[in-house]
Amino acid sequence: MLDPYGMTPLCAYVLFYTKEECRVRFHVRGKTPDASITSLVKKPCKWHRVPVYGLYPDMENIVSLELLDGQDKVTAKNEVCIRTKPLMKYLEDAVRVEKKTERSSMKLILVAGKSTSYPIAFDENGDIRYIMQYRPRGYGLFELANGRFIMMERQTLIPTYMLPHSTQMYEIDYFGRVHRTYYVPNGIHHDVCEMTPGGNLLVVSNSQCGHVEDCIAEVNRQNGKIEKFLDLRDVLYTAYRDRTNWIHINSLEYEPETGNVIFSARNLHSVFSINWKTNQLNWILGETGFWRRTPWLFKVLKTPENMPWHFQQHSVKLIREDLDGNADTKHLMMFDNHWNLRRKVPSYDNDTRSFVTIYTINEKKKTAKLEKRFGGIKSKITSNGVYKHADHRMFYMGGYLAFPEEHEDRGAVICEFDYDTMKELNRYSLKYYFFRAFEMKPDVDGLAAEMDLSLESCVGSLLPFKRLPECIQVPEEMIEDAPLACREERVRLCIEDGNLWVKSRDHLVDQVFLVGNNRCYAKDFRDPEQQQDLAAEMEYYVTIPLYTIDKGEYTVVVEFKGTRYNTGKTIQIC
């Protein structure tokens, strides 16, 4: 069954029955031996649904199947041939192998976000072996411990002072099955991480009180409730709070053993550690001179003199492996974009490269030192590093080249280094920008299993309509003008999952009213006001839940440009 859910054209289910319970191993024959993909469905059963991934496009793919008994002995073999369709035109030449000296330690590299419309994965020969035909928000995908990932919806957003942000996100697997939808009222952006495997989610959100991209929310994994909402103004107070996007949080990491959250603040050129329970600031990894005139200088980690610094960094992650045998240290990896645009600082050294950087931090001594620095082509935003400890490899995922015209108009580059010698082994150039890249590691047993349809599929809540004390007058005289006005302003209405969706350009809709018999409800979108017109022509849906509305029939009235229009559309609440 090729492309079983219409979203993954290079994946298939192989369905069959065996009289005895057994496990199944599949093998997708590669164009080269190293490019072959082998995986095992570990759970024994009789009714088999084998999730095959890594097929080539436009090709007769040979897939070998082996049945294994309880002692891992092969009891039967078979082969199937799976014919796939050609790649979309725009994906031709999407990946080029620029350098290949050794076998890659990643079987498949997945890239997503930014101008990479659909998430794709490619092998060490540059062949695309996976496509997810659903376009996420520009932040791409975020890995989960269960082999699934979080994907932010790109159509349902919330207006902010600057760019709009997603109000819902999906827990989705590699075959495109959505296991749960989460609604987040203040919007989400840039990063989502698990606090523990299968535990609550930390997301980057917005205060919407004069600032954006300055909050962290804890989302209950089961019911979607916001367990905690931390505004970083309550931690750093007025330090550098001199603009709307003053801090710009772009990555999160949680330490279960300490209860600390480590996050990257791009617009402060710094990394912070805070205690999630007490909100206490533990330390700051940043240049001393940058913090000298603030109350937080005493929290800055001490570093060796003349140590190179990071600027507008992304994707700060802990390396869980012990690299130095010292129980008092931890190791932090980041992508140092080494860019000096959003908040220029005198210490910027004008280095023409970006870096994947590793710091060793001793929290007892309050010190940090630069351990390793892998340089690559300048990538001004997004990007990340991936460390493969067992293989002694480091990946430089340069997602947004600063000067593509100098590199045959390629948008991104991925370099694989030997960690010990720091020698570049392999390099790939990509046609499109991406947000992050990582190794594709599906949970084959999870994909082989049925979805648990007893679970609540949509959890969390959004800000609802508010009932007005008095009913507004329905502008009947404007019913003839409404369709024309809504068409000219590209306003659309629909009902999805018990919510009213209103589509328009950014900050076009001022208010939405539901007008019934002696009752009226309103949702006001005038605050926050638009401070920048970066998304002025961007169209998206604002989502308004209907669960607080009394039973009855309501007329939808939309106000934009200060004028209320009776759309003539009605909603029946039962």
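As the structure is a prediction and not an experimental result, all values here were calculated from the model. Computed over heavy atoms, backbone and side chain alike; hydrogens, waters and symmetry mates excluded.
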Sub-3.5 Å donor-acceptor pair from the side chain of [X] to the main-chain atoms of [Y], do we have one?
{"X": "S166", "Y": "E153", "value": "yes"}
{"X": "S379", "Y": "Y400", "value": "yes"}
{"X": "D324", "Y": "N326", "value": "yes"}
{"X": "S264", "Y": "V316", "value": "no"}
{"X": "Y182", "Y": "R221", "value": "yes"}
{"X": "K380", "Y": "H338", "value": "no"}
{"X": "N250", "Y": "D191", "value": "no"}
{"X": "D328", "Y": "N362", "value": "no"}
{"X": "K31", "Y": "Y56", "value": "no"}
{"X": "H269", "Y": "Q312", "value": "yes"}

Answer yes if the side chains of [X] and [Y] hold a donor-acceptor pair under 3.5 Å, and no otherwise.
{"X": "E218", "Y": "N200", "value": "yes"}
{"X": "E287", "Y": "Y348", "value": "no"}
{"X": "T32", "Y": "N125", "value": "yes"}
{"X": "N426", "Y": "S104", "value": "no"}

Is a salt bridge present between [X] and [Y], judged by a nitrogen-to-oxygen distance below 4.0 Å?
{"X": "E79", "Y": "R29", "value": "yes"}
{"X": "E439", "Y": "K388", "value": "yes"}
{"X": "K42", "Y": "D443", "value": "no"}
{"X": "K378", "Y": "E406", "value": "no"}
{"X": "E143", "Y": "R436", "value": "no"}

**OP:** Could you please spell out the steps behind the side-chain contact (heavy atoms from CB on, under 4.5 Å) verdict for E98 and V413?
**Re:** CA-CA 9 Å; E98 304 287 354; V413 66; over 6 Å; no

**OP:** Taking all non-hydrogen atoms of both residues into account, name the closest pair between P4 and A12 and its distance.
**Re:** CD-CA, 4.3 Å

**OP:** Specify the closest pair of heavy atoms between N337 and T382, including all atoms of both residues, with the distance to one decimal.
**Re:** ND2-O, 3.3 Å

State, yes or no, whether a side-chain contact exists between [X] and [Y] at a heavy-atom distance under 4.5 Å.
{"X": "N267", "Y": "E213", "value": "no"}
{"X": "L157", "Y": "R137", "value": "yes"}
{"X": "L297", "Y": "T288", "value": "yes"}
{"X": "I247", "Y": "F263", "value": "yes"}
{"X": "L281", "Y": "L236", "value": "yes"}
{"X": "F290", "Y": "S347", "value": "no"}
{"X": "V178", "Y": "Y134", "value": "no"}
{"X": "C11", "Y": "Y130", "value": "yes"}

What is the distance from atom [atom1] of [X] to atom [atom2] of [Y], rounded to the nearest 0.5 Å?
{"X": "L430", "Y": "D93", "atom1": "CG", "atom2": "CG", "answer": "10.0 Å"}
{"X": "Q133", "Y": "M88", "atom1": "CD", "atom2": "CE", "answer": "3.5 Å"}
{"X": "S273", "Y": "Q280", "atom1": "OG", "atom2": "CD", "answer": "9.5 Å"}
{"X": "M440", "Y": "I37", "atom1": "CE", "atom2": "CD1", "answer": "7.5 Å"}
{"X": "I319", "Y": "I358", "atom1": "CD1", "atom2": "CD1", "answer": "3.5 Å"}
{"X": "Y5", "Y": "I172", "atom1": "OH", "atom2": "CD1", "answer": "11.5 Å"}

**OP:** Could you go through the side-chain contact (heavy atoms from CB on, under 4.5 Å) check for H314 and S383 one step at a time?
**Re:** CA-CA 7 Å; H314 282 73; S383 311; 5.6 Å; no

Classify the ring geometry of [X] against [Y]: parallel below 30°, tilted from 30° to 60°, perpendicular beyond 60°.
{"X": "H165", "Y": "Y139", "result": "tilted"}
{"X": "F26", "Y": "Y53", "result": "perpendicular"}
{"X": "Y13", "Y": "F175", "result": "tilted"}

Is the [X] to [Y] ring centre distance short of 6.0 Å?
{"X": "F335", "Y": "H310", "value": "no"}
{"X": "Y396", "Y": "F374", "value": "no"}
{"X": "F395", "Y": "F438", "value": "no"}

Subject >> Residue that, paired with E124, satisfies salt bridge (Lys or Arg N to Asp or Glu O under 4.0 Å) out of R427, R129, K99, K100 >> reply: K100

**OP:** Using salt bridge (Lys or Arg N to Asp or Glu O under 4.0 Å) as the criterion, point out the one residue from E321, E371, E257, E255 that pairs with K330.
**Re:** E255

Original post:
Which is it for E171 and R148 under the salt bridge (Lys or Arg N to Asp or Glu O under 4.0 Å) test, yes or no, and what are the steps along the way?
Top reply: CA-CA 7 Å; E171 181 172 334; R148 302 173 192 163; 2.9 Å; yes

Original post:
With sequence neighbours excluded, what pairs up with D3 under the salt bridge (charged side-chain N to carboxylate O under 4.0 Å, His left out) test?
Top reply: none

Original post:
Between L232 and I216, does a side-chain contact (heavy atoms from CB on, under 4.5 Å) hold up when you go through it step by step?
Top reply: CA-CA 8 Å; L232 268 298; I216 301 172; 4.1 Å; yes

Looking at [X], I want to see if its [atom1] is surrounded by more than 12 non-hydrogen atoms of other residues, nucleotides or ligands under 6.0 Å.
{"X": "R320", "atom1": "CZ", "value": "yes"}
{"X": "K85", "atom1": "NZ", "value": "no"}
{"X": "R342", "atom1": "CZ", "value": "no"}

**OP:** Please test T244 against H211 for side-chain hydrogen bond (donor to acceptor under 3.5 Å, both in side chains), starting from the C-alpha separation and ending with a verdict.
**Re:** CA-CA 4 Å; T244 304; H211 302 280; 5.8 Å; no

**OP:** Could you list all the side-chain hydrogen bond (donor to acceptor under 3.5 Å, both in side chains) pairs where at least one residue sits in residues 105-121, not counting sequence neighbours?
**Re:** S105-E416

Original post:
Considering the options W296, W291, W246, which one meets the ring-ring contact (aromatic ring centres under 6.0 Å, His included) requirement together with Y240?
Top reply: W291

Subject >> Candidate pair R353 and D336, rule salt bridge (Lys or Arg N to Asp or Glu O under 4.0 Å), full reasoning >> reply: CA-CA 9 Å; R353 299 168 296 168; D336 171 16; over 6 Å; no

Subject >> side-chain contact (heavy atoms from CB on, under 4.5 Å) assessment of E194 paired with L201 >> reply: CA-CA 5 Å; E194 289 176 296; L201 301 171; 3.9 Å; yes

